[in-house]
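First comes the structure, then the notes that go with it.
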Amino acid sequence: MTVIYPDFVKELYEFGVETALECFNCGNCTAICPLEYDLFPRRVIRYIQLGLKDRILENPDELWRCLHCGLCTQTCPRQANPGELILGLRRYVVAKWRGK
Ligand code: SF4
Ligand code: SF4
C-alpha cells in the first residue's frame, strides 16, 4: 500500500531541501543528467512533491549515484536546485539511518 505523507516537504526543510515545490516537472534536469538513469533526478523530486517518502527510503542507494556535477541545477528553469535537493535527501536518509 502506498502511503502519502503530506508534510514530507516540510520535514525536509531542516536538511536543506527547500525548493522542491518550485519544480514543475519539465524534465530538463533528467535530460542533461549524465547518469541517464531512470528519470533521475526529476522522478525523485516528484516523490518529494507527492509525499512519497517510502519510495525514497526504499531505494536510497540511487541518491549516491549523483556526481554532484551541477548540470541539473544550471539547467533548471525554476531555480529548484535539483542537485542540492539530492544532496539534502542524502542528509535526510543518513539521519534516518542514525535513528533521528
Ligand atoms: S548533479 Fe547529480 S542529478 Fe544533477 S545532473 Fe549531475 S549527476 Fe545528475
Ligand atoms: S529542471 Fe527543474 S523544474 Fe524541470 S524537472 Fe528538473 S527540477 Fe523540475
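Please read these numbers as outputs of a predicted model, since none were measured by experiment. Residue indices begin at 1 and follow the sequence shown. All ligand and atom numbering here is 1-based and tracks the order in the structure.
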**Prompt:** Are Lys96 and Glu11 close enough for a salt bridge, meaning some N to O gap below 4.0 Å?
**Reply:** yes
**Item:** Proximal atoms of ligand 1 relative to Phe40 (non-hydrogen, under 4.0 Å)
**Value:** 3 (S)
**Prompt:** Between Ile56 and Phe8, what is the shortest heavy-atom contact and its length?
**Reply:** CD1-CE2, 3.7 Å
**Request:** Around atom 1 (S) of ligand 2, find the nearest protein heavy atom and jot down its residue, atom name and distance.
**Result:** Cys29 N, 3.4 Å
**Request:** Check ligand 2 against Asn25 and write out every atom of the ligand that is under 4.0 Å from a heavy-atom position of the residue.
**Result:** 5 (S), 8 (Fe)
**Request:** Begin with the C-alpha distance, continue with both residues' side-chain angles, and end with the deciding distance and a verdict on side chain to side chain contact (heavy atoms under 4.5 Å, CB included) for Thr2 and Arg55.
**Result:** CA-CA 9 Å; Thr2 300; Arg55 297 277 175 89; 3.7 Å; yes
**Prompt:** Do other residues, nucleotides or ligands put more than 12 heavy atoms under 6.0 Å from the CD atom of Glu36?
**Reply:** no
**Contacting atoms of ligand 2, where contact means under 4.0 angstrom from a heavy atom of Gly27** = 4 (Fe), 5 (S)
**Prompt:** With a distance cut-off below 6.0 Å to the six-membered ring centre and an angular limit of 45° from the axis, does Arg65 pair with Phe40 as a cation-pi contact?
**Reply:** no
**Request:** Please list, in chain and residue-number order, the protein N/O/S atoms closer than 2.8 Å to atom 6 (Fe) of ligand 1.
**Result:** Cys69 SG
**Prompt:** With sequence neighbours left out, what residues match Glu22 under side-chain contact (heavy atoms from CB on, under 4.5 Å)?
**Reply:** Thr19, Arg78, Ala80
**Fill in**
ligand 2 to Pro77, heavy atom cutoff 4.0 Å, flagged ligand atoms 1 (S)
**Message:** How far is atom 8 (Fe) of ligand 2 from the closest protein heavy atom, and which atom is that?
**Reply:** Cys23 SG, 2.3 Å
**Item:** Qualifying residues under side-chain contact (heavy atoms from CB on, under 4.5 Å), relative to Gln74, sequence neighbours excluded
**Value:** Leu71
**Item:** Ligand-side contact atoms (ligand 2) for residue partner Cys76, heavy atom cut-off under 4.0 Å
**Value:** 1 (S), 2 (Fe), 3 (S), 7 (S)
**Asked** Going by heavy atoms in the side chains, are Pro41 and Cys33 under 4.5 Å from each other?
**Response** yes
**Message:** Can you list everything that forms a side-chain contact (heavy atoms from CB on, under 4.5 Å) with Tyr13? Sequence neighbours excluded, please.
**Reply:** Val9, Lys10, Glu18
**Request:** Return the residue, atom name and 0.1 Å-rounded distance of the protein heavy atom closest to atom 4 (Fe) of ligand 2.
**Result:** Cys26 SG, 2.3 Å
**Fill in**
If we number the atoms of ligand 2 from 1 as shown, the ones under 4.0 Å from a heavy atom of Arg42 are 5 (S)
**Request:** May I ask you to decide if the ring planes of Trp64 and Trp97 are parallel, tilted or perpendicular, using 30° and 60° as cut-offs?
**Result:** parallel
**Asked** Within a strict 4.5 Å, meaning less than it, do heavy atoms of the Tyr47 and Arg42 side chains meet?
**Response** no
**Complete:** Near Ile45 (heavy-atom distance under 4.0 Å), the atoms of ligand 2 are 7 (S)
